[in-house]
Amino acid sequence: MIELLPLLLFVVVFIVLLFGYPVAFSLAGSALLFAAIGYVTETFDPVFLEAIPNRIQGILSNELLIAIPLFVFMGVMLEKSKIAEELLDTMGQVFGGMAGGLGLSVTLVGMLLAASTGIVGATVVTMGLLSLPTMLRRGYSPEISTGIICASGTLGQIIPPSIVLVLLGDVISSSYQQAQLDQGIFAPDSVTVGDLFFGALIPGLILVSLYALYIIVIAIISPEKVPPIPEDERKVSKELWMQVLTVLIPPILLIVLVLGSILGGIATPTEAASVGSVGAIILSCFKRTLNLNILQQVMRSTTEVTAMVFMILIGASVFSLVFRGFGGDDLVRDFLVDLPGGVFGAVLLVMIVMFLLGFFLDFIEITFVVIPIVAPILLTMGLDPVWLGIMIALNLQTSFLTPPFGFSLFYLRGVAPDSISTPQIYRGVIPFIGIQLFVLGLLAYWPALATWLPNVVYG
């Protein structure tokens, strides 16, 4: 019975979360309750709890995590500056003359917003408000329209600079160092957020390409589901290309400044995020959308998201300490090592579990609770940390689309008109879930998709 306490702790946390209690307090509260029970029954050593202050201090003094509020600030500021609205209108005019053109424009804008903001919720809501009514009015199928918007909005999970990759970079780095120490390597190598950014570029572009290919195939097979914009409603070419230049140059310049400075080794993610935040403010000034009210909204949203992330991180730290105190990490290690299929079996099981957890939990809970437990064990088996990180990131991205609790589905449901039913949204994302799982399988079969670029750049 004592050996099952770590598993029982997981079950209790899961049940508490399903009742709708805040994630951070569910994690910490359940863990402390089990610690108290373990102390009374003499199955838990309270010395593990003495590490909580050091864990919290380590979180709050982690310079890498300062990038989170800065990237959030940049994303929300760009959302308020109407950049998405202009991009959608312009790209819709460029591709609108062909069947599926509006769908392609939404996909490309999703990619650009992912590379400049990295915030899934803001991207899905913005594109849902701006492009969904237009697509429906043009005769687009509701399923295809909602599927494209939800899937394109989640590109911020995998295309750098992604908040998911920043969080994963911190967790994978700690796990990799722990794995090397467990192997007796006392001068461990490190893995950085920049490594993950480089590793995510090729899989991210493959994902965007397959989204676009799917839309083109639909346009060929069933053009009536993705009709073009009538010619009399399109702008003349001279006006259009001037609009393309004025609308595309600012966000692309910001992407080059932020992403280029990180990938070029000029700045750390935190420093690049600060450059991006200032750049977003300047962009808003040029567009004349910045005022005191907008700034207050941006600051409030940034504070709320940052507080949520850090509270979950603190709660997850308490949970992991108690879980280890009950010997949970040894239990998981023995289970994964003894699985049939060796390393392949262990990775497959972890990916399946993460995929299923994504039906019910947010990527932040999975990142902070599950990955610190399983990643050191998998890395001890000799896996490449960059490849493992990108595999996890793609898997977590899929969790945004999986019914019943995929967050992209909720974001779009909140802004979609009443004529769109929830089952239509669910049906719309199924092909894109299939595409993401295909890319995940491709990456599993061909790890060089994630490891080649970091190896070339960093030698």
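- Inter-residue side-chain proximity for Met74 and Val258 is flagged as met; some heavy-atom pair is nearer than 4.5 Å.
- Of the possible donor and acceptor atoms, none in the side chain of Thr306 sits under 3.5 Å from a partner among the backbone N and O of Thr303.
- The minimum heavy-atom distance between Ala272 and Ala267, with the atom names listed, is N-CB, 4.1 Å.
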Inset, instruction - Could you check Tyr214 against Leu210 for side-chain contact (heavy atoms from CB on, under 4.5 Å), going step by step and ending with a plain yes or no? - result: CA-CA 6 Å; Tyr214 169 72; Leu210 290 178; over 6 Å; no
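- Checking each of Leu409, Thr398, Thr154 against Val429 for a side chain to side chain contact (heavy atoms under 4.5 Å, CB included) leaves exactly one that passes, namely Leu409.
- To the nearest 0.5 Å, atom CD1 of residue Ile282 and atom CG of residue Leu253 are 10.0 Å apart.
- For the pair Met299 and Phe73, the minimum side-chain heavy-atom distance is below 4.5 Å.
- Distance check: Tyr176 OH to Leu379 CG gives 7.5 Å after rounding to the nearest 0.5 Å.
- In this structure, Trp446 CH2 and Trp387 CH2 are separated by 15.0 Å, a value rounded to the nearest 0.5 Å.
- Put simply, the side chain of Leu321 does not reach to within 4.5 Å of the side chain of Leu49, judged on heavy atoms.
- Each of Phe326, Phe34, Phe323 was checked for a ring pair (Phe, Tyr, Trp, His ring centres under 6.0 Å) with Phe44, and the lone residue meeting it is Phe326.
- The line from OG1 of Thr451 to CD1 of Ile390 is 10.5 Å long, rounded to the nearest 0.5 Å.
- Residue pairs meeting the salt bridge (Lys or Arg N to Asp or Glu O under 4.0 Å) criterion with at least one partner in residues 342-356, sequence neighbours excluded, are absent.
- In this structure, the side chains of Gln177 and Ser173 come closer than 4.5 Å at one or more pairs of heavy atoms.
- Minimum heavy-atom separation, Pro69 to Thr302: O-CG2, 3.3 Å.
- Leu9 is listed as a side-chain neighbour of Ser30, based on a closest heavy-atom distance under 4.5 Å.
- Asn395 places none of its side-chain heavy atoms less than 4.5 Å from the side chain of Gln436.
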Inset, instruction - Might you work through the side-chain contact (heavy atoms from CB on, under 4.5 Å) test for Leu201 and Ile159, ending with a clear yes or no? - result: CA-CA 6 Å; Leu201 276 177; Ile159 293 181; 5.7 Å; no
Legend entry - Pair Leu283-Met77, side-chain contact (heavy atoms from CB on, under 4.5 Å): steps then yes or no: CA-CA 9 Å; Leu283 219 132; Met77 181 62 75; over 6 Å; no
Inset, instruction - Apply side-chain contact (heavy atoms from CB on, under 4.5 Å) to the pair Ile149 and Met135, showing each step before the final yes or no. - result: CA-CA 10 Å; Ile149 291 170; Met135 296 171 84; 4.2 Å; yes
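- Residue Leu401 comes nearest to Ile433 through the heavy atom pair O-CD1, 3.5 Å, listed as atom of the first residue, atom of the second, then distance.
- Judged by distance alone, the side chain of Asn54 and the main-chain N or O of Ala51 form no donor-acceptor pair under 3.5 Å.
- For the side chain to side chain contact (heavy atoms under 4.5 Å, CB included) with Leu207, the lone residue among Ile435, Leu442, Leu440, Ile202 that qualifies is Ile435.
- In this structure, the side chains of Val386 and Phe198 stay at 4.5 Å or more apart for every pair of heavy atoms.
- Between Cys150 and Leu412, the shortest heavy-atom contact is SG-CD2, 3.4 Å.
- For the atom pair CG of Asp170 and OG of Ser175, the computed distance is 9.0 Å after rounding to the nearest 0.5 Å.
- In this structure, the separation between CZ on Arg324 and CG on Asp45 is 15.5 Å, given to the nearest 0.5 Å.
- The minimum heavy-atom distance linking Arg55 with Ser317 is given by the pair NH1-O, 3.7 Å.
- Shown here for Thr146 and Ile425, the closest heavy-atom pair between the two residues is OG1-CA, 3.7 Å.
- Put simply, the side chain of Leu254 does not reach to within 4.5 Å of the side chain of Val275, judged on heavy atoms.
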